[in-house]
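Chain naming here is simple, since letters A, B, ... match the order of the sequence lines and numbering starts at 1 in each. Everything numeric in this text was worked out from a predicted model, so none of it was measured.
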2 protein chains.
Amino acid sequence: MQYVKIKDAIVEQIESGQLSPREKLPAERKLAESFDTTRVTLREALSLLEAEGRIYREDRRGWFISPSPLRYDPSQTLNFTNMALAQQRTPNTVLLSAQSTVANKHAAQLLDLQPFSNVYQVDRVRYLENRPVVYVTHYIRPEFVPDLLRHDLTTSLTDIYREHYGMVYQSIRYRITTSTLLGETAQALRATSGTPAMVVERINYNQHGELIDCDIEYWRHDAISIESFATLVR
Amino acid sequence: MQYVKIKDAIVEQIESGQLSPREKLPAERKLAESFDTTRVTLREALSLLEAEGRIYREDRRGWFISPSPLRYDPSQTLNFTNMALAQQRTPNTVLLSAQSTVANKHAAQLLDLQPFSNVYQVDRVRYLENRPVVYVTHYIRPEFVPDLLRHDLTTSLTDIYREHYGMVYQSIRYRITTSTLLGETAQALRATSGTPAMVVERINYNQHGELIDCDIEYWRHDAISIESFATLVR
DNA sequence: TAGTGGTCTAGACCACCAG
DNA sequence: TGGTGGTCTAGACCACTAT
């Protein structure tokens, strides 16, 4: 298993510090030559490293060393920006679209609505050190936050809820699975279709126990480490 | 992108019910022929399906349709067996080894011990419908559970704690990342090195807030959906 | 525009699983 | 033991990125 040996050689270069986070690996053809193999086998090794979360790929741009992941606690209200800043990271948010629309099947199910109900949909991409790491789609029940779209949606939704509607999250239901990035989600994260992803679905309730919104997050899987603390109810 | 089309064709066969959970796909050469392509491209499509969690591979045995994942709440005390039974699944556990040993670096860090402290180590593989789905390693601080190894370790550790030591979990710290199966972990799950995995690390505390044990779980990533509910502390 | 990554072809050999 | 999956070779073409 040549590709495991190649992988290990590259791992060693990373751990010894010869390759630093965010640094680009040499061209595939050069790497293949230096390991005396073909591109196919070399790419097998690179895919392994990608699956381990040690390197990542930007579509047609090449392979890069992964920085350490963002620690993410889904049971906290901390918004992305504050979470990143608290970890000495440099966050950024780009609003892709914000619209009033009709709930699709998935959104209707998460929000416990009849199909074709009206919802707000907000699509955003979030960056760390200028690397896009997560594609987030929010679906929001409009009755609790009329005229939501008038606010600056590049800021934190939770801040808008609190400041303009006197509403805060009190409890959260979440689901974590793995899948892949596809289509426009992949593109927005500068990834190829099929890139492994961590998927976080959250359903959020306000201080009165009412279902407010849900969000679906597609993370570059190397960019996130989910960490939480739970006290058991008996 | 031929391999995406092939993937979609197979997805359709799965969703239309022509292929059922746990059913084996035709041989790669046959599939390649029927899609009029080469094995390399066909395997690209299969890898995509694997990354999406729709099929899984057993080493040298072939590709199979994934059953629906087990819903797993890391913030519950529910042990694996009861969790599976509650979801109409058929669980099984095989004890690989149980020993008193010296903590390695990772275990010492998780358990907040000096390196080379003594710990119990219990390695187990857990099955659903006779498919191995998770490799679990427990590291246990011996002072709370003397002579632990005398008990039947194919049963639930939490049951043993409760019945023989009057101890229960009260709080849990956990971390979820993705990586790959390697070496003996892969073998025990009938997987190839490099198979995508969901990694769950848990650190458990008893009713007095004392750190009892930790466990490291390597899941076949298609076999698990992590679902939890959190009430925010303010 | 040169070089890169994305994709694909058409084979091959081997060790292992299943019958 | 036949067929399978695991691995590898040695190319090729194209669209796109970086310069």
What string of B, S and - do you get for nucleotides 14-19 of chain D, 5' to 3', when a contact is any protein heavy atom under 4.0 Å? -BSSS-
Taking B:Tyr139 as the fixed residue, which of B:Val122, B:Ile203, B:Val119 is the one that meets the side chain to side chain contact (heavy atoms under 4.5 Å, CB included) rule? B:Val119
Please tabulate, for side-chain N and O atoms in residues 10-17 of chain A, each donor-acceptor pair with protein atoms closer than 3.5 Å (sequence neighbours left out).
unit_1  : atom_1 : unit_2  : atom_2 : d
A:Glu15 : OE2    : A:Arg54 : NH1    : 3.4
A:Ser16 : OG     : A:Glu12 : O      : 3.2
A:Ser16 : OG     : A:Gln13 : O      : 3.2
A:Ser16 : OG     : A:Gln18 : NE2    : 3.0

By a strict heavy-atom criterion of less than 4.0 Å, which residues belonging to residues 2-14 of chain B are in contact with DNA chain C? B:Gln2, B:Tyr3
Contact interval (first through last nucleotide) of DNA chain C with protein chain A, 4.0 Å heavy-atom: C:dT4 to C:dT7
Side chain to side chain, A:Val200 and A:Ile226, heavy atoms closer than 4.5 Å: yes
Using a heavy-atom cut-off of 4.0 Å across all strands, would you classify B:Arg57 as base, sugar-phosphate, or nothing? sugar-phosphate
Does anything in residues 183-197 of chain B reach DNA chain C, meaning a heavy atom under 4.0 Å, and if so which residues? none
Got B:Tyr135 and B:Asp123 here, is their nearest side-chain heavy-atom distance under 4.5 Å? yes
Heavy atoms, side chains only, cut-off 4.5 Å: are B:Asp215 and B:His138 in contact? yes
Closer to the 5' end of DNA chain D via nearest nucleotide, is it B:Val40 or B:Pro26? B:Pro26
Taking C-beta and beyond as the side chain, do A:Asn104 and A:Gln121 meet within less than 4.5 Å on heavy atoms? no
Can you list everything that forms a salt bridge (Lys or Arg N to Asp or Glu O under 4.0 Å) with A:Asp213? Sequence neighbours excluded, please. none
Is it the case that A:Arg131 places NZ or CZ above or below the six-membered ring of A:Tyr56, under 6.0 angstrom from the centre and within 45 degrees of the axis? yes
Does any part of the side chain of B:Arg124, heavy atoms only, come nearer than 4.5 Å to the side chain of B:Leu157, both counted from C-beta? yes
Any side-chain heavy-atom pair from B:Leu148 and B:Ile160 closer than 4.5 angstrom? yes
Crowding at CG, A:Asp152 (>12 non-hydrogen neighbours, <6.0 Å): yes
Just wondering, do B:Leu85 and B:Pro91 contact through their side chains at under 4.5 Å, heavy atoms? yes
Test your reading of the model: is there a side-chain donor-acceptor pair from B:Glu129 to the backbone of B:Thr90, 3.5 Å cut-off? yes
